[in-house]
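Here's the structure we're looking at; comments come further down.
Lettering of chains follows the sequences in order, A, B, ..., and the numbering in each one begins at 1.
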Number of protein chains: 2
Amino acid sequence: MSEKRWGVGELAAATGLTVRTLHHYDEIGLVSPSERTHAGHRRYTEADIRRLYRVRALRSIGLSLYTIAATLAEGDREALRSVLVDQLAHLDAQARRMNDLRAQVQHLLERMNTVADPGEVLTILETMQMIESYYTPEQLEYLAKRREELGEDAIKEVEQAWPQLISAMKEHQAAGTPVDDPDVQALTARWFELVEAFTGGDSGVHESLGKVWEEQGDKLNQQFDTGLSPELMAYVGRANEVRTQAGG
Amino acid sequence: MSEKRWGVGELAAATGLTVRTLHHYDEIGLVSPSERTHAGHRRYTEADIRRLYRVRALRSIGLSLYTIAATLAEGDREALRSVLVDQLAHLDAQARRMNDLRAQVQHLLERMNTVADPGEVLTILETMQMIESYYTPEQLEYLAKRREELGEDAIKEVEQAWPQLISAMKEHQAAGTPVDDPDVQALTARWFELVEAFTGGDSGVHESLGKVWEEQGDKLNQQFDTGLSPELMAYVGRANEVRTQAGG
DNA sequence: ACTTGCACCTGACGCGACGTGAGGTCTTAG
DNA sequence: CTAAGACCTCACGTCGCGTCAGGTGCAAGT
């Protein structure tokens with residue numbers, strides 16, 4: 001009746017796994033056959049196969065073999081729920097990462113169309129990385145903490161606010177609006193508000209950005225047509241002087 | 001002037017990488033220092049560092065070190081563009097996979113709330129996998145091909161159509177509507193239309209599903225309250241007999 | 001002169017989930 | 001008696017480094 005036993009090859013063919021995979025699961029003790037023939041051949045019972053199916057189910061949602069082993073060892077409902085919840089968060093994070101990367105790659109491809117010299121394309125890459133690495137590890141750690149404190153939503157809001165702020169500021173600068181104009185002053189206040197909200201008032205971050213700007217600003221300006229120009233930065237700087245003198 | 005050279009530790013601190021990483025890049029010939037001191041210490045030139053920045057930029061968008069090496073070796077614009085395009089597709093696929101997995105996990109969590117016995121939760125897992133593995137590799141390959149032919153949108157449409165179809169059919173069955181009722185016949189036609197659209201008329205797939213149904217139908221019915229009951233399957237079967245006799 | 005300390009070196013194992021042989025054993029059919 | 005399968009056990013390769021372990025070169029302090 002239920003005495004039927006399965007060999008590895010047979011089981012592999014039935015489940016679509018490879019023999020090596022079953023060997024591996026046996027090696028690490030995740031799914032071991034209950035019996036062996038006198039020749040040492042693996043003989044899987046129905047119970048073994050049920051365990052195998054559970055393992056595959058948990059694998060199919062992306063859990064590691066280690067986690068699966070632990071979960072099946074616990075065997076209770078809450079253990080399973082908690083790994084599923086963790087996995088949900090993990091997959092969320094992964095999906096977001098992928099989307100972010102995707103956006104970067106697409107951005108880069110679009111930029112490539114507007115640049116003539118092939119060498120410049122690579123220079124863009126260099127510069128991208130340089131800006132990132134001008135943050136020291138401590139600063140990066142600090143920023144990461146801020147990110148947690150503020151929460152994802154707040155960060156996204158800030159990131160979406162920036163382009164609008166920049167373009168508004170650009171228009172004023174292009175139109176020659178004086179820096180003590182109320183609109184400009186409001187925008188400037190908002191500008192530094194965002195910067196401080198994001199950096200937490202860490203002046204080291206500002207200095208780093210200033211440093212990279214001195215060295216790379218012109219290049220950046222040439223290549224990133226939608227970004228910040230040195231003129232704009234100077235304009236904002238003058239506006240901020242007026243602002244701080246007025247306010248302080 | 002430009003005679004400054006950098007040691008590994010110095011460079012590591014400046015870029016935020018580890019010394020080991022720089023060693024690794026040197027080992028595989030990806031970024032090697034142009035010089036060494038007489039003591040064998042690595043001395044990186046500016047050109048080396050520019051190469052390093054390019055490497056990190058390409059890494060930051062998820063390329064493998066091997067791909068980066070190949071791309072930088074080619075050095076031309078089209079090579080870069082093509083790897084970026086490939087990477088875009090790759091990231092797309094990854095993101096979709098993550099989202100699919102996420103959906104599955106969430107689905108599973110929801111199901112867990114409606115089931116009492118912890119053992120049953122694991123049985124759900126078993127059954128999920130069993131259904132999948134009742135498809136032979138050839139069948140799976142075939143289904144994958146169909147998926148491509150039909151396109152993602154069509155598949156999604158079908159998947160969304162199923163629950164509605166099932167619940168409508170369920171109501172008729174519960175109400176005792178005769179199987180030759182025009183509404184029921186229309187629903188049945190749609191039912192098998194969807195099945196065939198999805199499987200491409202591969203009867204092997206039907207047989208597999210029939211087989212798993214005989215063995216697991218009752219269990220499935222107990223655990224998946226929103227799904228298909230044997231009674232409903234029988235009802236649809238009878239409706240289909242009427243349909244095929246009427247049409248053929 | 002000796003020690004301490006630091007930055008650096010090479011070499012080698014470890015991870016995760018198997019793929020891919022290599023080389024030997026057991027069983028069955030011809 | 002042999003050839004063909006199906007099975008066995010090592011054991012190395014993958015990828016991008018982390019993490020020791022053990023040794024060298026050089027400058028400052030004792």
Residue whose nearest DNA chain D nucleotide is more 5′ - B:Ala39 or B:Ser64: B:Ser64
Segment of DNA chain C, first to last nucleotide, that comes within the 4.0 Å heavy-atom reach of chain A: C:dA17 to C:dT27
Main-chain N/O of A:Thr45 paired to A:Asp48 side chain as donor or acceptor, under 3.5 Å: yes
Any donor-acceptor pair under 3.5 Å from A:Thr21 side chain to A:Leu17 backbone: no
d(NE2, A:His38; P, D:dC8) in whole Å: 13 Å
Short side-chain to backbone donor-acceptor contact, A:Asn99 and A:Ala95, under 3.5 Å: yes
Considering all heavy atoms, the nearest A:Arg81-B:Leu109 contact: CG-CD2, 3.8 Å
Rounded distance in Å - OH (A:Tyr44) to C1' (D:dA6): 14 Å
N-O pairing of A:Arg97 and A:Asp92 below 4.0 Å: no
Axis-to-axis angle between the two ends of the helix from C:dA1-D:dT30 to C:dG30-D:dC1 (five base pairs per end, rounded to 10 degrees): 50°
N/O donor-acceptor pair under 3.5 Å between B:Ser82 side chain and B:Ala79 backbone: yes
Whether A:Gln87 side chain and A:Ile61 backbone form a donor-acceptor pair below 3.5 Å: yes
Near-strand residues of residues 18-37 of chain B, defined as heavy-atom separation under 4.0 angstrom from DNA chain D: B:Thr18, B:Arg20, B:Thr21, B:His24, B:Tyr25
B:Tyr25 and B:Arg56: CA distance, side-chain angles, deciding distance, side chain to side chain donor-acceptor pair (under 3.5 Å) verdict: CA-CA 11 Å; B:Tyr25 290 175; B:Arg56 291 312 294 181; 2.5 Å; yes
Cationic N near anionic O, under 4.0 Å, B:Glu10 to B:Arg42: no
Below 4.0 Å: OP1/OP2 of D:dC7 and any side-chain N or O of A:Arg42: no
A:Thr15 side-chain N/O to A:Leu11 backbone N/O, donor-acceptor pair under 3.5 Å: yes
